[in-house]
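Per chain, numbering begins at 1; letters A, B, ... match sequence-line order. No experiment lies behind these values; they were computed from the predicted model shown.
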Amino acid sequence: MTKNAEVVRVLKEMALLLQVQGADPFKAQAYQRGVRSITSLGEDIAAIAARDELTDIPGIGKGLAEVIKDYLDDGQVEKLNELRTRVPIQVMELDAIPGVGPRTMKLVYDKLGVTDLESLERAADEGLLEDLPGLGKKTQEQILRGIAVAKSGMGRTLLADGLLDAEAIVTKLRKLEDVKRIDITGSSRRRRETIGDIDILVDAEVSGTIMETFVGIEGVADVLAHGDTKSSIRLQSNLQVDLRVVTSDSYGAGLQYFTGSVDHNVKLRALAQKKNLRLNEYGLFKGEKKIAGDDEEGIYKTLGMDWIPPELREDQGEIEAAQEGTLPKLIEMKDIRGDLHSHTDQSDGKNTIEEMLDAAQKKGYEYYCVSDHTQSLTIANGMDEARLLKRIDEIDDLNSSGRWKMKILKGAEVDILKNGELDIKDEVLAQLDIVTVSIHSRMKDSKEMMTERVCEALRNRYAHILGHPTGRLLLKRPEFEIDLQQVFEMAVENNVIMELNAHPQRLDLNPGNLRIAKRLGLKVAINTDAHWTDELDHMRFGVYQARRGWIERDDVINTMSLKSMLKAIKK
DNA sequence: GCCGTTTTCGGCCCGACTGTTTTCAGTCG
């Protein structure tokens, strides 16, 4: 596991404590900027610190680098301890309560001695908040509801789950007469792996009916705001959904603005200012005159750059690239010609091989690889050599049956053992078209052991693809400790392809690592790892993630023709 | 605290909604 999450926590707490103490708001903002920057880093911050390159990270200067180094040294940050001593408030705990910010924290601390969620709840229950200056009965109720939300521990949602809700709401609203255009914006449009809320933008002249429909939609637990241009609801799943309405001539500006990211927008605004322009959600203005805003392209063009795909809008160099005209031509769904990692009921999949092939054929694929687990993964009924040889014969028969137009490839997801050996003999591996090697055990091995284990596996002359390279499960299990830089270099040496596992809970590799892999010249395979037919649909999440990693068609082997692809994986 | 095609000092995105307010503060994105 990287230290990133811990460092983020430290900086976030410092930002909050600074705000509570009424420090220079721009100073607190700088800490928050650092938080966002490290959140979207993708590389282990400890590795960057070891190279002494912390200040190369956007938003990290001398001061924040010191804090990060202090923390990495011994887990202690002198500055943080001082801040905590000055105001002993559990700011992280209170910050999880929607509607409670630094000013409120300070107020209830000064007046009531409230320091944490529990004492705040007690004070609210006793009705002590409504008499405080600036608060009232409604705010007290709102805080109590917020406490309930914080207690339920609802943080972020997988993109795939959030999109399901978002697309359902969009479908419903689209039917309304007043709705001219409607789009999902925010982090969902940028295809972040996980999302904190859903943002939807509507093009309409009048908003009354739209807002009424929205706040009354099925599954609403709470209406947080209900205005003319903005409404906010919380679904029973605890996911918050924001709806904004703008008119046609501002729709592009709204799309741009609400898609974010914050850092991307801040930089665009600064650029606009330098050109004596003003950018907001209604348009790009020169004085009072709107000079762009009905579409996104016009805004970027007027600011002197190419249109930037939403997946890149993280202030990670995309604005500079757009100015120079050097943005990558990102991979698209239509470029995908096959899926190289899938399971059947022979191991832990739910469908038969025929059912999987039928479903894959419907995707229009030119080739499809069946790659069940191998013997040491007993819990998944992994195959031994004998079963694998039988499977090889079976696929030969299926290929010659003529029932499927696509080429069925013989594969396996072979387990990497403790010592880095594979759990299937070379003589059998030699008969497979594609061998994916994966870690499924001993995920708590030390970084050194894990790195050597994987590197050893990559040295095997039959290892073609490294499956889900970090083993993470989003919102559930952190990546295991591994020196990916070393692994990547070993992969280059041995011509091993890196998998981008498209499962919404894996999306492994992450964008930062994809960019590093690309820089080293590694190729990527975007695979669904489907365990039943529906999961073949996950390919789109893999493509989204690839785009976030600046990946182009030619970086991906399963965009190639069968012949080129097989040639590309050859060792 | 960060940052630089007006810069190493002096700026730092800005608008919507709510609630508690008689004109605005706090929160949010």
Given B:dT20, is OP1 or OP2 found less than 4.0 Å from the side-chain N or O atoms of A:T139?
yes

Measuring only the C1' atom in each nucleotide, how far is B:dT20 from B:dC14? A whole number of Å is fine.
23 Å

Would you call A:R33 and A:D263 a salt bridge, taking side-chain N to carboxylate O under 4.0 Å as the test?
yes

Send over the distance from A:I233 CD1 to B:dC17 P, rounded to a whole Å.
16 Å

Closer than 4.0 angstrom, basic N to acidic O: yes or no for A:D73 and A:K69?
no

Between A:E481 and A:K447, is the closest basic N to carboxylate O distance under 4.0 Å?
no

Is there a side-chain polar atom (N or O) of A:R103 under 4.0 Å from OP1 or OP2 of B:dG26?
yes

Rounded distance in Å - NZ (A:K69) to C1' (B:dG1)
15 Å

C1' atoms of B:dG1 and B:dT5, separation to the nearest Å
24 Å

B:dT27 phosphate, OP1 or OP2: any side-chain N/O from A:T104 under 4.0 angstrom?
yes

Between A:R244 and A:E281, is there a side-chain N and carboxylate O pair less than 4.0 Å apart?
yes

B:dC14 phosphate, OP1 or OP2: any side-chain N/O from A:Q273 under 4.0 angstrom?
yes

Roughly, in whole Å, what's the span from CZ in A:R269 to P in B:dC12?
12 Å

Quick one: label A:P133 by what it contacts on the DNA or RNA (base, sugar-phosphate, nothing), any heavy atom closer than 4.0 Å.
nothing

May I ask you to say what A:D24 touches in the nucleic acid, namely base, sugar-phosphate or nothing, with a heavy-atom cut-off under 4.0 Å?
base

If you check the A:A30 side chain, which of B:dC17, B:dC13, B:dG1 turns out closest?
B:dG1

Give A:I60 one of three labels, base, sugar-phosphate or nothing, depending on what nucleic acid heavy atoms sit under 4.0 Å from its own.
sugar-phosphate

Distance, C1' atom - from B:dG19 to B:dT23, rounded to whole angstrom
14 Å

Using whole Å, report how far CD of A:E141 lies from C1' of B:dT18.
13 Å

With a 4.0 Å limit, can you tell me whether A:Y257 has a side-chain N or O closer than that to the phosphate oxygens OP1/OP2 of B:dA16?
no

For A:K62, answer base if it contacts any base atom (sugar-phosphate contacts may also be present), sugar-phosphate if it contacts only those atoms, and nothing otherwise; contact means non-hydrogen atoms under 4.0 Å.
sugar-phosphate

Mind checking whether A:H264 and A:Y300 have parallel, tilted or perpendicular rings, split at 30° and 60°?
tilted

Does A:P25 reach a base, just sugar-phosphate, or nothing at all? Heavy atoms under 4.0 Å.
nothing

Could you check whether A:R244 gets within reach of a base, just the sugar-phosphate, or nothing at all, counting any heavy atom under 4.0 Å?
sugar-phosphate

Take atom CZ of A:R36 and atom P of B:dG1, then tell me their distance rounded to the nearest Å.
17 Å

Using the closest heavy atom to pick a nucleotide of DNA chain B for each, name whichever of A:H226 or A:L64 lands nearer the 5' end.
A:L64

Quick check for you: among B:dG15, B:dC17, B:dG29, whose closest atom lies nearest to any side-chain atom of A:T229?
B:dC17

Is the shortest side-chain N to carboxylate O distance from A:D555 to A:K518 below 4.0 Å?
yes

So what does A:F258 touch, heavy atoms closer than 4.0 Å: a base, only the sugar-phosphate, or nothing?
nothing

Step through the shown structure and confirm whether more than 12 heavy atoms of other residues, nucleotides or ligands are within 6.0 Å of CD on A:E118.
no

Would you measure the distance from the C1' atom in B:dC9 across to the matching atom in B:dG15 and give it in whole Å?
29 Å

Separation of the C1' atoms in B:dC13 and B:dC2, to the nearest angstrom
16 Å

Sticking with atom C1', work out how far B:dG11 lies from B:dT6, rounded to a whole angstrom.
12 Å

Using the closest heavy atom to pick a nucleotide of DNA chain B for each, name whichever of A:E281 or A:A225 lands nearer the 5' end.
A:E281

State whether A:K79 places a side-chain N or O below 4.0 Å from either non-bridging phosphate oxygen (OP1 or OP2) of B:dG1.
yes

Quick check on B:dC17: is either OP1 or OP2 less than 4.0 Å from any side-chain nitrogen or oxygen of A:S231?
no

Rounded interatomic separation in angstrom, taking NZ from A:K267 and C1' from B:dG11:
16 Å

Using the side-chain heavy atoms of A:Q29, tell me which of these nucleotides is nearest: B:dC13, B:dT27, B:dC14.
B:dC13

Separation of B:dT18 C1' from A:Q240 CD (nearest whole Å):
14 Å

Specify the separation, in whole Å, of atom CG of A:L129 and atom P of B:dT18.
21 Å

Does the structure show a Watson-Crick or G-U wobble partner for B:dA25, both distances under 3.5 Å? Name it, or say none.
B:dT18

Let's go through A:S261 and A:R313 carefully: what are the C-alpha distance in whole Å and the side-chain angles of both, what is the deciding distance for side-chain hydrogen bond (donor to acceptor under 3.5 Å, both in side chains) to 0.1 Å, and is it a yes or a no?
CA-CA 6 Å; A:S261 65; A:R313 299 182 195 171; over 6 Å; no

